[in-house]
Amino acid sequence: MTKFFLCRTALAIAATGFLVDAQAEPLSTLPAALSGGDVSADLRLRYEAAEQDNALKDADALTLRTLLGYRTQAWNDLSAFVEMENVSALIDDYSGMPPPVAYSLIPDPDGTETNQWGLSYSGIKGLTATVGRSKLIFDNARWVGNVGWRQNEQTYDGVFLKYSSQQAMTLQYAHLTNINSIFFANLDIDAQLFNAQWVASPLLALTGYAYLIDFENTTANTPDADTLGLRVSGGHRFGNGFGLSYVAEFASQEAETPLGEFDADYTLFELGASYKGIKLTIAQEVLGSDDGQYGLMTSLATLHAFNGWTDQFLFTPVTGLEDHFATLSGALGKFKWLAMYHDYQSDEGSLDYGSEWGAVLSRALGSGFLGGVKYGNYRAEDRSTDTEKLWVWLQWGF
């Protein structure tokens with residue numbers, strides 16, 4: 001989709017607003033809508049250290065991420081928004097871009113960009129239509145996310161539709177033309193994303209999706225891929241403070257890379273139990289392999305949130321990945337905490353990919369401030385190398 005097409009789509013959305021609302025606001029009210037909007041800001045100062053058992057130097061990064069945004073008031077159900085982002089490295093003893101040079105990789109390069117911009121229309125009940133550049137998160141961000149953990153988040157250019165009905169049905173569609181990546185790079189893409197969720201009750205939510213992705217430059221790590229899947233989740237809280245939850249998900253992927261065409265499956269089974277604020281989750285996630293030639297990819301995902309915090313599996317090995325993991329979380333006074341453990345195996349063959357454990361502690365400090373400490377420790381076996389990472393951060397926003 002070209003920028004010209006985006007402009008035509010924006011004009012079509014605007015025209016729809018006038019057609020739907022016969023009592024359109026006069027042009028004289030437009031300046032007030034433009035000047036009377038909402039300002040937003042988010043600053044995150046973060047120290048990250050990375051140590052690997054290889055020839056690369058230990059890395060240290062102190063970076064400041066600044067987001068400044070503005071959204072106008074609605075005028076004839078139309079609103080415009082823009083958000084600027086800057087990442088500044090105050091300590092830069094690290095490699096911010098792959099492949100790592102001298103220092104271990106900490107993927108927070110410095111730079112400045114327009115993170116989000118666009119036009120939204122909300123004149124039809126339950127529907128929001130947006131054209132421009134926007135963050136996008138579907139479900140738990142396993143397939144489509146904004147990579148919000150990194151200092152420069154991932155956003156997308158395209159057209160975005162979201163419809164929510166009173167019958168607990170949510171329908172989402174996006175046509176993407178560009179990925180605005182965490183490395184301040186633009187990747188041309190032609191993607192059609194469909195996501196539909198129906199919440200029958202707290203015990204049962206069904207989500208079906210189809211993610212059809214074609215990259216301008218297809219590689220082994222960014223394949224053209226069509227993924228169809230179904231996710232089932234739910235839970236129940238009992239009167240004695242005890243609760244149970246579950247997630248089951250299956251997806252099938254057909255992919256094409258320069259090496260050929262492949263098929264691979266995805267499965268997730270997760271059980272959770274909670275008691276008076278303490279929650280234990282155990283799960284198995286499998287990113288399948290096609291006879292050891294291709295491992296299922298989730299190219300648009302918030303990958304840091306899955307398969308360990310040291311980012312050992314940003315690209316699935318060709319022999320696939322089987323991840324058995326557990327998390328334990330809760331609160332201690334004003335602090336929130338979580339501990340996790342992962343055990344990694346290959347889906348094809350009998351490779352031991354190692355294990356990882358980690359913990360995070362965070363606290364809201366009042367007046368919009370949030371602080372935290374996080375640690376991850378990966379122990380290698382048949383692949384990669386021993387890796388430790390530490391983060392300390394302070395965030396403020398409104």
**Asked** Is the number of heavy atoms from other residues, nucleotides or ligands within 6.0 Å of CD (Glu270) greater than 12?
**Response** yes

**Item:** Distance-only donor-acceptor check, side chains Gln253 and Asp265, under 3.5 Å
**Value:** no

**Modelled atom types, side-chain donor and acceptor of Thr29 and Trp75, under 3.5 Å** = yes

**Request:** Would you mind reporting whether Tyr294 and Asp291 have side-chain heavy atoms less than 4.5 Å apart?
**Result:** no

**Asn307 side chain reached by Glu285 side chain, heavy atoms, under 4.5 Å** = yes

**Message:** Which heavy atom of Thr218 sits nearest to which heavy atom of Thr257, and what is that distance?
**Reply:** CG2-CA, 4.0 Å

**Request:** Can you see which heavy atom on Thr227 is nearest to which on Ala251, and at what distance?
**Result:** CG2-CB, 4.0 Å

**Message:** Are Val159 and Leu119 linked, directly or through intermediate hydrophobic residues, by side-chain heavy-atom contacts shorter than 4.5 Å (ILVMFWY only)?
**Reply:** yes

**Request:** Scan Leu268, Thr267, Val286 and name whichever one has a side chain to side chain contact (heavy atoms under 4.5 Å, CB included) with Phe250.
**Result:** Thr267

**Request:** Inspect the contact between Arg133 and Glu113 and indicate whether a charged nitrogen and a carboxylate oxygen are less than 4.0 angstrom apart.
**Result:** no

**Request:** Kindly compute the distance separating CG (Leu303) from OG (Ser299), expressed to the nearest 0.5 Å.
**Result:** 8.0 Å

**Item:** Donor on one side chain, acceptor on other, Asn54 and Thr385, under 3.5 Å
**Value:** no

**Nearest heavy-atom neighbours spanning Ala33 and Ala74** = CB-O, 4.2 Å

**Message:** Checking Glu348 against Ser289: is there a side-chain donor and acceptor pair closer than 3.5 Å?
**Reply:** no

**Asked** Does atom OH of Tyr275 have more than 12 heavy-atom neighbours, drawn from other residues, nucleotides or ligands, at distances under 6.0 Å?
**Response** no

**Ring geometry between Tyr344 and His342 (parallel below 30°, tilted from 30 to 60°, perpendicular above 60°)** = parallel

**Message:** Could you check whether Thr63 and Gln151, counting side-chain N and O atoms only, form a donor-acceptor pair closer than 3.5 Å?
**Reply:** yes

**Asked** Looking only at side chains, do Asp343 and Gln345 share a donor and an acceptor under 3.5 Å apart?
**Response** yes

**Prompt:** Between the side chain of Ser346 and the main-chain N/O of Leu351, is any donor-acceptor distance below 3.5 Å?
**Reply:** yes

**Request:** Answer yes if Tyr156 and Ile189 sit in the same cluster of Ile, Leu, Val, Met, Phe, Trp and Tyr residues linked by side chain heavy atoms under 4.5 Å apart, and no otherwise.
**Result:** yes

**Request:** Kindly compute the distance separating CZ (Phe184) from CG (Asn186), expressed to the nearest 0.5 Å.
**Result:** 11.0 Å

**Prompt:** Parallel, tilted or perpendicular for Trp143 and Tyr266, by the 30°/60° rule?
**Reply:** perpendicular

**Request:** Report yes or no: is the cationic atom of Arg231 (NZ for Lys, CZ for Arg) under 6.0 Å from the centre of the six-membered ring of Tyr209, at an angle within 45° of the ring normal?
**Result:** no

**Message:** Let me confirm one number: the CG-CD distance from Asn115 to Gln154, rounded to the nearest 0.5 Å.
**Reply:** 10.5 Å

**Item:** Donor-acceptor side-chain pairing of Arg71 and Ser79 below 3.5 angstrom
**Value:** yes

**Complete:** Taken to the nearest 0.5 Å, the spacing of Leu394 CG from Leu45 CG works out to 6.5 Å

**Prompt:** Just one of Asp323, Thr310, Thr387, Asn377 clears the side chain to side chain contact (heavy atoms under 4.5 Å, CB included) bar with Glu356, so which one?
**Reply:** Thr310

**Phe194-Tyr173 aromatic ring centre distance below 6.0 Å** = yes

**Item:** Gap separating the CG atom of Asp60 from the CG atom of Asp92, nearest 0.5 angstrom
**Value:** 10.5 Å

**Message:** So which atom in Gly235 and which in Tyr246 form the shortest heavy-atom distance, rounded to 0.1 Å?
**Reply:** N-CE2, 4.3 Å

**Quiz item: cation-pi between Lys374 and Trp393, 6.0 Å / 45°** = no

**Prompt:** Tell me, do Leu321 and Phe306 make a side-chain contact under 4.5 Å, heavy atoms counted?
**Reply:** no

**Request:** Just say parallel, tilted or perpendicular for the rings of Tyr378 and Phe313, cut-offs at 30° and 60°.
**Result:** perpendicular

**Partner residues of Glu153 under the salt bridge (Lys or Arg N to Asp or Glu O under 4.0 Å) criterion, sequence neighbours left out** = Lys135

**Request:** Without swapping roles, check the side chain of Tyr70 against the backbone of Gly37 for a donor-acceptor pair under 3.5 Å.
**Result:** yes

**Nearest non-hydrogen partners of Ala59 and Ile106, listed with the distance** = CB-CD1, 3.8 Å

**Fill in**
Taking every heavy atom of Val247 against every heavy atom of Ser233, the minimum-distance pair comes out as CG2-CB, 4.0 Å

**Asked** Will you find, in the side chains of Asn86 and Ser88, an N or O donor that is under 3.5 Å from an N or O acceptor?
**Response** yes

**Item:** Lys/Arg N to Asp/Glu carboxylate O, Asp108 vs Arg46, below 4.0 Å
**Value:** yes

**Prompt:** For Asp386 and Gln52, does a side-chain donor sit closer than 3.5 Å to a side-chain acceptor?
**Reply:** no

**Item:** Any side-chain heavy-atom pair of Thr177 and Asp188 under 4.5 Å
**Value:** no

**Message:** Taking the six-membered ring for Trp, are Trp391 and Tyr375 closer than 6.0 Å centroid to centroid?
**Reply:** no

**Asked** Do you reckon Trp309 sits in the same ILVMFWY cluster as Phe325, going by side-chain contacts under 4.5 Å, direct or chained?
**Response** no

**Request:** Verify the cluster assignment for Val318 and Leu259: are they in a single hydrophobic cluster under the rule of side-chain heavy atoms below 4.5 Å apart?
**Result:** no

**Asked** What is the distance from atom CZ of Arg44 to atom CZ of Arg65, rounded to the nearest 0.5 Å?
**Response** 4.0 Å

